Amino acid sequence: MPVSRPESSDSRIIAHVDMDCFYVQVEQRKNPDLRGKPTAVVQYNSWKGGGLIAVGYEARKDGVKRSMRGDEAKEVCPEIHLVQVPVARGKADLTIYRDAGSEVVSILARKGRCERASIDEVYLDLTDAAETMLKETPLESLESIDDEVLKSHILGLSSDGKDDRESVREWLQRKDADHRDKLLACGAIIVAELRLQVLRETEFTCSAGVAHNKMLAKLASGMNKPAQQTIVTSASVKELLETLPVKKMKQLGGKLGSSLQTDLGVNTVGDLLQFSEEKLQDFYGVNTGTWLWNTARGINGDEVQGRLLPKSHGSGKTFPGVRALKTVVAVEKWLKELCEELNERLQSDLVKNKRIAHTLTLYVNAYKSTDTESHKKFPSKSCPLRYGAGKIMEDAVNLFQAALREYLGPYIGNQCGGWGVTNLSVSASKIVAIPSGTSSITKYFHSRDQLNDSSEPLGEKFVLEDDHVSPSRTESHPASHQIECGEEEIPITHDISSSDQCETACKDEASGDIAEEAFKLSSGTESCSTLKQKEQQSRLHGKETKMMHPNDGIRSYNQKRKATKEKGTSSILRFLHSNSTSSPKQDNPTPLQETKSLSLGTQEPLNIESQSSSQNVQTTNAWSYKVDEIDQSVIEELPLEIQQEFRNWLRPQKRPNIVKRGSSIAHYFSPTKN
DNA sequence: ACGGATGTGACA
DNA sequence: TTGTCACAT
């Protein structure tokens, strides 16, 4: 459900940039012969010509539509060129489009905060850039304005349609213009420039919307395509929304939009104006009600998230109809393909962006033929993610088997009751950047555990080499984990420091030792998954029963504990170490956005992120201690091997973690002992 | 049981 | 928090 966020009082300049029929453009760049010809991109050519997932504008003129079949498209437009999505491992592989999207993002991120909204869409917060421009170069004094700017569509400008370059110029340079309009004008100039850069550097065209918030910018970017831009002035909003069908509004394209029509007889966004906020809240809940009320007025406080990289990676495939997978063996075969693709993408993310994913999730759609009634859904399952195709595969298979048992009910394996899997997908989430800076190591041994079976302490060299790197612009992220060991489990909240994505994203350079090492380690497919390994990762991530590996359920709780203890010292030390955070100031540098919102002088309370972030600072501090404050004698009581490892870690770190009570070491350092 | 593959965000 | 659902391209 949509949620309403408070809108900052100051006016922002937000742009939404949308690539025109992106996949088609990617294919046309690859094969220029296709340029200017009716073209569509299709996947799985075998059945009815495959399904269209992108249609070029020449083909659209002939009535070709997305989600037509290739055959239908041919009927409507016999000359159409159908290009197939690349296939790898028996499934569609969108890599080339993702990479092309990254090219675009790296250009668009040059001005202002940038949010990758999808593979081919981006939001930009150009407020600062626009304000700066307005200060430095008064619009009236502008000698020449790029044609791309003059081609803008300005909502509300009367003569939008005819020889309007002059009127656009006039609007842009209007001396008596509203300050907000002037900022919009600057935004339009900036966006036009960015779009031209995109075109020069990638050969891709895109369209854009410029407005005072995300919702309106998004709406505008789609109004004049392809290769054009649209500006939403405040004055135009009312009229714009008045007649806009609710379904056109983002978030209202589904059930909520339908029920608006059905329940309230609301057909256009303007129709919503009649309803009080309370009334809308009564119908749809507080959050959605408020959101609807605001939306009707063109109010939307959603901020542009500074995020250039995806938050998850997934690989999936459908098996419709008779192609449904009916045996575990068939499922395993496909899981292997999916996991290999996922692993490749994780690898690439690690090398390019120095990020590590921490959770593996399996999603399945299935049917039960012997299922007269209960349309039970196949449950999705997660577990800690270990790097390496073999390990991911193994874990995914285990997740599948666990979920299958649940799905089929307690009467498990009796007679292969007809089930069929119609969709399989694996996905990796909880991706965090490996901190660049002193604290790399903390993050790092997380990866070490997942990448590597040996207990060779790889961390050391990173400490040494990273130490002189300034930990600039780090941001604190809260996280909490639990681990079992000893009699009970104690959840600990702690900080993860990670490098700012805005800095590292899209840099293809120097992978660095961490990434290289990781690559070596995970390229191997050795997947001797011993009990101990499972325990180890269970502990690392570990959420008792929920986050453990499916297999673990078979063993008793005591057995698990035992395995955990035996596994070893180095892991325990890691946890210990990880709890040794350095000073709060260093660990929790003020997030950039917080700084910004404060400097804007907002009278409103700190935004939610800021609040929770400062809360986490407190929580973290309560549970943290400094390594160098630990009594030396305490360390000396530890086994020699542990002492050594411990001393290796003697540097201020912060990292995600778990503390175990009952473990001898945890006893020593348990902050408050509860 | 063909709108496929993928991704984000909210809610319980 | 995990798992589910909705929504989007």
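Because the structure is a prediction, the values reported are computed rather than measured. Only heavy atoms go into these numbers, but all of them, side chains included; no hydrogens, no water, no symmetry mates. Residue numbering restarts at 1 for every chain, and letters A, B, ... go by the order of the sequence lines.
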task: Answer yes when A/Lys376 and A/Glu406 have at least one side-chain N-carboxylate O distance shorter than 4.0 Å, and no when they do not.
output: no
task: Kindly say if A/Arg116 contacts the phosphate of B/dT8, meaning a side-chain N or O under 4.0 Å from OP1 or OP2.
output: no
field: Closest-nucleotide ordering on DNA chain B, the 5'-leading residue of A/Gln43 and A/Gly314
entry: A/Gln43
- prompt: With the sugar-phosphate defined as primed atoms, P, OP1 and OP2, and the base as all remaining atoms, what B/S/- string results for nucleotides 4-9 of chain C, 5' to 3', for protein heavy atoms under 4.0 Å?
  reply: SSSSSS
task: Could you check how far CG of A/Asn300 sits from P of B/dG9, rounded to whole Å?
output: 13 Å
query: Just to confirm, is there a sub-4.0 Å distance from OP1 or OP2 of C/dG3 to any side-chain nitrogen or oxygen of A/Ser382?
result: yes
- request: Could you tell me the separation between the CG atom of A/Leu52 and the C1' atom of B/dA5, rounded to a whole number of Å?
  value: 15 Å
field: Spacing between A/Asn365 atom CG and B/dA5 atom C1', to the nearest angstrom
entry: 13 Å
Options B/dA10, B/dT8, B/dT6, nucleotide nearest the side-chain atoms of A/Lys91: B/dT6
query: Given that A/Gly321 and A/Pro2 both sit by DNA chain B, which one's nearest nucleotide is further toward the 5' end?
result: A/Gly321
message: I'd like the C1' distance from C/dT9 over to B/dA1, given in whole Å.
response: 23 Å
statement: Separation of B/dG7 atom C1' from A/Lys430 atom NZ, nearest Å, is 16 Å
query: Do A/Phe22 and A/Tyr97 make the cut of ring centroids closer than 6.0 angstrom?
result: no
message: How many whole angstroms separate atom CD of A/Glu337 from atom C1' of B/dA5?
response: 16 Å
message: Taking any heavy-atom pair under 4.0 Å as a contact, classify A/Ser315: base, sugar-phosphate, or nothing.
response: sugar-phosphate
message: Heavy atoms only, 4.0 Å cut-off, all strands: where does A/Gly51 land among base, sugar-phosphate and nothing?
response: nothing
query: Which nucleotide sits closest to the side chain of A/Leu94: B/dT6, B/dT8, B/dC2?
result: B/dT6
query: Does the gap between the ring centers of A/Phe378 and A/Phe400 come in under 6.0 Å?
result: yes
- prompt: For A/Arg345 and B/dA5, is the shortest distance between a side-chain N/O and OP1 or OP2 below 4.0 Å?
  reply: no
query: Does A/Asn287 put a side-chain nitrogen or oxygen below 4.0 Å from OP1 or OP2 of B/dC11?
result: yes
- request: Kindly say if A/Arg98 contacts the phosphate of B/dT6, meaning a side-chain N or O under 4.0 Å from OP1 or OP2.
  value: yes
- prompt: What do the steps show when you test A/Arg89 against A/Glu344 for salt bridge (Lys or Arg N to Asp or Glu O under 4.0 Å), and what is the final call?
  reply: CA-CA 12 Å; A/Arg89 303 182 190 85; A/Glu344 210 161 82; 2.6 Å; yes
task: Please tell me which of the listed nucleotides, B/dA10, B/dT6, B/dA5, lies nearest to the side chain of A/Val3?
output: B/dA10
message: Please determine whether salt bridge (Lys or Arg N to Asp or Glu O under 4.0 Å) holds for the pair A/Glu103 and A/Arg29, giving the CA-CA distance in whole Å, both sets of side-chain angles, and the decisive distance to 0.1 Å.
response: CA-CA 13 Å; A/Glu103 290 180 48; A/Arg29 182 176 72 169; 2.8 Å; yes
message: Using a 4.0 Å heavy-atom cut-off, does A/Tyr44 contact any base of the nucleic acid, only the sugar-phosphate backbone, or nothing at all?
response: sugar-phosphate
field: Length of the CZ-P vector between A/Phe400 and C/dG3, whole Å
entry: 16 Å
- request: Report yes if at least one side-chain N or O of A/Lys317 is closer than 4.0 Å to OP1 or OP2 of B/dT6; otherwise report no.
  value: no
Nearest-Å distance for atom pair CD/C1', residues A/Glu115 and B/dT8: 9 Å
message: A/Lys248: which residues meet the side chain to side chain contact (heavy atoms under 4.5 Å, CB included) condition with it, sequence neighbours left out?
response: A/Leu244, A/Pro245
message: Test side-chain hydrogen bond (donor to acceptor under 3.5 Å, both in side chains) on A/Thr318 and A/Asn423; report intermediate values, then the result.
response: CA-CA 4 Å; A/Thr318 58; A/Asn423 184 83; 5.1 Å; no
statement: Here the distance between atom C1' of B/dG7 and atom OH of A/Tyr123, to the nearest Å, is 14 Å
- prompt: Charged N to carboxylate O below 4.0 Å: is that the case for A/Glu121 and A/Lys218?
  reply: yes
